[in-house]
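Read the structure below first, then the notes.
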Amino acid sequence: MSFLWAIEKIEEELRKNIKELGYEQVKPEVSEPTVKAYGDVSSRVCFDISKTSKEKPAAIAEKISSRIELDFSEVEAKNGYINFKFNDKYLFNVIEEVRKKGHQYGIPAIENKNRRIIIEHTNSNPNKPIHMGILRNTVLGDTLARVFRYVGYETIVLNYIDDSGAQVSDNILAITELGYPKEPVGERYDYYSGRIYAEVHEKIENNPQLRKKKYEIIKKIEDGKNEVAQLARWFSEKVVTDQLRTCWRIGAFFDLLNWESDVVKSGLLDTVLKKLNEKGRLYIPKEGKNENCTVLKLSDQEEFKNLEEPDEVLIRSDGTITYVGKDIAYAFWKISKPPVDFKYRPFITQPNGKTLWTTDEERGEPNVLNVNNADLAITLVDMRQEYPQKVVKTALSFITDKAKHAYRPFLYGIVAISGETAYKISGKKEYASSQMVHMSGRKGLVVNAEDLLNELAKVARIESKKRNPSIREDVLESIGNEIAVAAVRYFMLKTDLNNTIVFDVDEALKLNGDSGPRLQYTYARAHSIMEKAGRYDRGGINQKLVEKEIEMELIKEISKFSFYVRETINNLEPKYLARYAKNLADKFNLFYESCPILNEKEEIRNNRLIILESFLVVFEKVLDLLGIPALQEM
RNA sequence: GGGCCCGUGGCCUAGUAUGGAUCAAGGCACCAGCCUGCGGAGCUGGUUAUCGUGGGUUCAAAUCCCACCGGGCCCGCCA
């Protein structure tokens with residue numbers, strides 16, 4: 001049994017009785033009551049019924065509840081609500097089922113599991129290290145991927161590399177024209193390239209000759225088969241490899257790198273432009289602002305008609321392609337089977353042992369991968385990209401009916417930094433009094449993921465050492481890092497998607513309270529009891545399984561796992577799972593305080609160990625889905 | 001001009017989708033407790049909130065509707 005199963009049974013029972021009593025059919029929604037005294041699940045369906053039936057809710061509730069028979073729950077009518085309180089049979093069955101299914105216990109019954117899901121995340125420009133803003137994207141995307149995979153969907157994780165845009169070309173220009181060496185000395189490529197960009201960007205933008213050369217470089221990258229393109233690709237791959245190291249460090253892995261330049265070189269772009277043209281959506285103005293550009297017509301579309309310039313440039317007058325232009329073609333590939341496909345080659349073997357592939361029109365092989373034509377393509381982008389994503393989706397809808405349901409931008413709020421943090425990293429006092437400051441690589445106002453993780457790991461190691469002076473150095477090293485990962489991931493996951501995260505370094509370095517490390521600590525304590533327990537009688541759960549209220553509550557919380565997995569999938573809200581992890585940990589910590597195990601007499605000891613065992617099985621999986629390392633010591 | 005997001009104790013955050021039940025729930029900070037007892041990164045108790053403002057709908061509004069105020073963002077031959 002599980003919570004999810006129980007509420008479905010309850011809804012079914014309510015529906016049946018509403019019908020038999022001759023009331024108008026309303027959806028018998030149930031929810032968790034705000035107050036414990038009202039049971040585990042309650043329904044306010046009687047309020048809805050009373051609107052049409054003229055009876056008082058309380059009377060209806062009495063009538064319905066007296067007819068309901070469920071063997072796993074008591075029923076009570078109160079104040080017009082119908083309340084359900086799960087009984088011993090429920091608790092007993094939950095434990096049985098967890099023991100039987102193990103880590104599979106949280107998989108909800110979902111139809112259409114044979115669908116293919118594409119999740120595209122991270123998508124950092126290959127010209128800088130991963131910073132906190134991108135990390136929010138990576139963590140959200142990776143967690144979604146973990147959950148989809150867990151539930152049983154074929155899940156493909158992409159990382160789109162924007163190598164043919166203006167930012168990479170700044171770097172290449174710096175190397176070819178401004179005397180920067182190809183290879184950094186004593187610096188990672190991602191950091192090096194971030195530094196170059198900050199140093200040369202303004203210079204290039206303010207110099208017409210350099211600016212012109214920059215667009216020549218973009219053109220060459222898009223054309224391929226020339227030295228500039230090869231240099232750009234080589235350099236970008238170096239940067240991407242460093243960025244990947246950061247992703248791996250926090251537990252995020254990919255299946256395929258999709259290079260933006262390959263979207264053009266493969267002929268995919270031409271294919272899609274042709275389709276758009278056949279639908280009459282493209283035109284080339286002979287004069288005016290967009291003279292000689294290829295423009296997507298949107299002005300006749302409802303959502304765009306109030307804009308001053310609704311139409312969107314896809315090909316610039318110099319023949320280079322805009323970001324949106326390439327993104328439309330790429331998005332089309334994701335949800336369809338176009339006549340042209342990329343060429344692929346293995347890029348690198350990741351620390352999890354899985355091969356990461358890459359598109360590569362120069363050195364790749366055709367027909368070696370089949371990863372597109374997804375039933376649902378989720379693209380993680382921050383909210384500032386809502387508009388261009390709307391353009392992409394609208395463009396797709398002109399050429400495929402799948403666009404509406406299969407293409408799904410996943411929007412989330414940006415990460416900014418607090419005034420204090422901005423002051424700290426830039427040394428500029430004027431920031432100190434600001435509420436929030438936007439990150440900017442060019443202004444040196446960036447919190448890089450690696451730097452933060454290193455700082456966190458340092459703090460964590462000091463704490464660990466304090467508690468465990470004899471700990472081995474290499475163990476300490478990896479524990480420090482895993483605590484840092486937990487802190488960052490949980491922080492990103494628990495926050496509502498719509499919220500701007502105003503990141504403060506000092507705040508982030510606290511490892512107590514509602515935090516990832518607290519979850520790890522909870523796990524470590526639980527695990528340590530299990531370890532000390534040694535052998536115990538796992539055979540018969542005593543019929544009187546629980547003695548105290550909190551034991552009941554812990555089991556009920558355990559039973560909610562699949563419910564929150566389903567909520568996460570249905571609403572695309574990783575937050576639900578993060579909050580579940582916290583609630584489950586809360587319940588365990590209460591259990592821990594008031595229910596001693598090892599020194600109890602045998603019967604109670606065995607029962608509690610069995611509850612503990614179930615908790616560990618579920619909690620371990622929850623942490624895994626969140627990407628939080630479950631530590632046995634810390 | 002058009003559109004999007006946010007506003008909840010001193011600070012941060014949940015609750016808003018699907019309006020309801022006695023105290024609006026956590027965390028930080030602060031104060032007071034709990035280790036001869038399974039790991040004190042934990043637990044218990046306390047102080048702090050007219051849920052941005054004003055209207056409206058309703059038997060019932062943090063939640064729905066309208067207006068306004070404050071903060072942030074987007075509408076580029078940037079990405």
Side-chain angles (χ1 to χ4, degrees), chain A residues 27 29 31 33-35 37-38 42 44 47-48 50 57 78-81 83 123 125 162 165-167 205 215 260 289-295 303-310 312-327 381-388 390-391 411 413-414 416 435-436 438 460 463-464 466-468 483 494-502 504 507 510-515 517-522 524-533 571 573 575 579 582-583 585-586 588-590 592-600 608 612 633-634:
Chain A
K27 201 163 169 249
E29 279 171 13
S31 60
T34 48
V35 182
Y38 298 139
S42 78
R44 35 171 286 259
F47 290 87
D48 294 334
S50 81
K78 191 163 188 182
N79 305 339
Y81 290 80
N83 296 334
N123 298 4
N125 279 324
D162 174 18
Q167 299 196 7
E205 284 304 301
Y215 280 88
E260 193 185 54
K289 191 167 161 281
N290 293 335
E291 186 179 342
N292 292 328
C293 294
T294 299
V295 181
E303 309 118 281
F304 294 89
K305 69 176 190 195
N306 284 331
L307 297 172
E308 279 177 36
E309 305 266 355
E312 186 81 17
V313 172
L314 302 187
I315 306 179
R316 302 184 187 100
S317 53
D318 65 2
T320 59
I321 322 296
T322 62
Y323 174 83
V324 170
K326 287 176 270 204
D327 208 22
V381 288
D382 78 46
M383 279 175 185
R384 290 171 301 189
Q385 295 198 51
E386 184 174 13
Y387 176 76
K390 201 160 92 177
V391 172
L411 302 169
I414 58 161
Q435 257 288 298
M436 65 182 265
H438 286 279
E463 285 294 308
S464 245
K466 228 189 280 176
R467 286 149 224 267
N468 198 351
I483 292 171
K494 74 169 180 172
T495 309
D496 190 274
L497 295 172
N498 283 329
N499 253 340
T500 301
I501 290 179
V502 180
D504 184 87
E507 203 60 42
K510 291 175 183 161
L511 302 177
N512 60 341
D514 182 15
S515 70
R518 193 188 81 124
L519 299 178
Q520 291 176 308
Y521 178 71
T522 303
R525 289 213 297 192
H527 184 270
S528 146
I529 296 174
M530 198 45 107
E531 195 133 82
K532 290 197 175 109
N571 301 296
E573 274 280 13
K575 177 179 69 174
R579 306 213 86 87
K582 182 204 182 284
N583 290 335
D586 283 350
F588 175 79
N589 282 324
L590 292 173
Y592 180 92
E593 291 295 326
S594 61
C595 297
I597 298 175
L598 296 180
N599 295 326
E600 280 290 341
R608 288 185 177 161
L612 174 69
E633 59 174 335
M634 62 187 281

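Side chains included, hydrogens not; waters and symmetry mates left out as well; all remaining heavy atoms used. Below, chain A is the first sequence line, B the second, and so on; all start at residue 1.
For the pair A:D586 and A:R518, the salt-bridge criterion is met [side-chain N within less than 4.0 Å of a carboxylate O]. Taking a cutoff of 4.0 Å between a charged side-chain nitrogen and a carboxylate oxygen, A:D382 and A:R384 qualify as a salt bridge.
Pair check for B:G19 finds none; no Watson-Crick or G-U wobble contact set falls under 3.5 Å. Across all strands shown, B:C64 forms a Watson-Crick or G-U wobble pair, both distances under 3.5 Å, with B:G56. Figure legend. B:U44 is base-paired to B:A32; pairs are counted as Watson-Crick or G-U wobble with both atom distances under 3.5 Å. Across every strand in view, B:C4 sits in a pair with B:G72 that passes the Watson-Crick or G-U test at under 3.5 angstrom. Across all strands shown, B:C51 remains unpaired; no Watson-Crick or G-U wobble contact has both distances below 3.5 Å.
For A:N83 and B:A21, a side-chain-to-base donor-acceptor distance below 3.5 Å is present, hydrogens and geometry of angles not being considered. The base of B:A24 does not come close enough to the side chain of A:T34 for any donor and acceptor atom to sit less than 3.5 Å apart. For A:S317 against B:C77, a side-chain-to-base donor-acceptor contact under 3.5 Å is present.
If you check every strand for non-hydrogen atoms under 4.0 Å, A:E633 touches a base. A:E303 comes within 4.0 angstrom of no nucleic acid atom, judged by non-hydrogen atoms across all strands. Within 4.0 Å of A:D327, counting heavy atoms only, lies no atom of the nucleic acid at all. Counting non-hydrogen atoms under 4.0 angstrom, A:A37 reaches a base of the nucleic acid. Residue contacts shown for A:P310 are absent, as no nucleic acid heavy atom lies under 4.0 Å away. If you check every strand for non-hydrogen atoms under 4.0 Å, A:A524 touches a base. Residue A:M634 is in base contact, counting any heavy-atom pair closer than 4.0 Å across all strands shown. Among the atoms of the strands shown, base atoms are found under 4.0 Å from some heavy atom of A:S464. If you check every strand for non-hydrogen atoms under 4.0 Å, A:I483 touches a base. Looking at heavy-atom distances under 4.0 Å, A:N468 makes no contact with the nucleic acid at all. Using a 4.0 Å heavy-atom cutoff across all strands shown, A:K510 reaches sugar-phosphate atoms only and no base atom. Note on A:S42: a base of the nucleic acid sits closer than 4.0 angstrom, heavy atoms only. Heavy atoms of A:V35 sit under 4.0 angstrom from at least one base atom. Residue A:Y81 is in base contact, counting any heavy-atom pair closer than 4.0 Å across all strands shown.
Between A:M383 atom CE and B:C73 atom P there is a gap of 14 Å when expressed in whole angstrom units. Across the protein-nucleic acid pair, A:D48 atom CG and B:U58 atom C1' stand 14 Å apart, rounded to whole Å. In this structure, the CG atom of A:L314 is 13 Å from the P atom of B:C78, given to the nearest Å. Taking atom CG of residue A:N571 and atom C1' of nucleotide B:U16, one finds them 14 Å apart after rounding to whole Å. Nucleotide B:C75 holds its P atom 12 Å from the CD atom of A:E386, rounded to whole Å. Between A:E573 atom CD and B:G15 atom C1' there is a gap of 13 Å when expressed in whole angstrom units. Here the C1' atom of nucleotide B:C43 and the CG atom of A:N512 are 13 Å apart, to the nearest Å. Rounded to whole Å, the distance from CD on A:E291 to P on B:C77 is 14 Å.
The glycosidic torsion of B:C4 lies more than 90° away from 0, which places this base in the anti conformation.
The OG atom of A:S515 sits 8.5 Å away from atom CD of A:Q520, with the distance rounded to the nearest 0.5 Å. If you take CD on A:E633 and OG on A:S464, they are separated by 8.0 Å, rounding to the nearest 0.5 Å. Distance check, rounded to the nearest 0.5 Å: SG of A:C595 to CG of A:L612 gives 11.0 Å.
Close to B:C6, at under 4.0 Å from its OP1 or OP2, lies a side-chain N or O of A:N498. For B:U18, the OP1/OP2 oxygens have no side-chain nitrogen or oxygen of A:K27 closer than 4.0 Å. Considering only side-chain N and O atoms, A:N499 lies under 4.0 angstrom from the phosphate OP1 or OP2 of B:A14. For the pair A:R525 and B:C43, the criterion of a side-chain N or O lying under 4.0 Å from OP1 or OP2 is not met. A:R384 has no side-chain polar atom (N or O) that falls below the 4.0 Å cut-off from OP1 or OP2 of B:G72. One finds a side-chain N or O of A:Y592 lying less than 4.0 angstrom from the OP1 or OP2 phosphate oxygen of B:G40. Phosphate proximity of B:G15 to A:K575: present, with a side-chain N or O under 4.0 Å from OP1 or OP2. For the pair A:H438 and B:C73, the criterion of a side-chain N or O lying under 4.0 Å from OP1 or OP2 is met. Between A:K582 and B:A14 there is no side-chain polar atom (N or O) within less than 4.0 angstrom of OP1 or OP2.
Of the candidate nucleotides B:A14, B:C38, B:G42, B:G42 has the atom nearest to the side chain of A:R518. Comparing B:C77, B:A21, B:C38 against the side chain of A:T322 picks out B:C77 as the nearest. Closest to the A:D586 side chain, of the nucleotides B:C43, B:C38, B:G42, is B:C43.
Here, B:C74 and B:U57 have their P atoms 39 Å apart, quoted to the whole Å. A distance of about 12 Å separates the P atoms of B:U50 and B:G54, rounded to the whole Å.
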When you compare the protein's N or O atoms with those of nucleotides 59-61 of chain B, which come within less than 3.5 Å of each other, and at what distance?
none

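Under the 6.0 Å distance and 45° angle rule, A:R525 counts as a cation-pi partner of A:Y592.
When side chains are defined from C-beta on, A:L511 does not count as touching A:Y521, because their heavy atoms never get closer than 4.5 Å.
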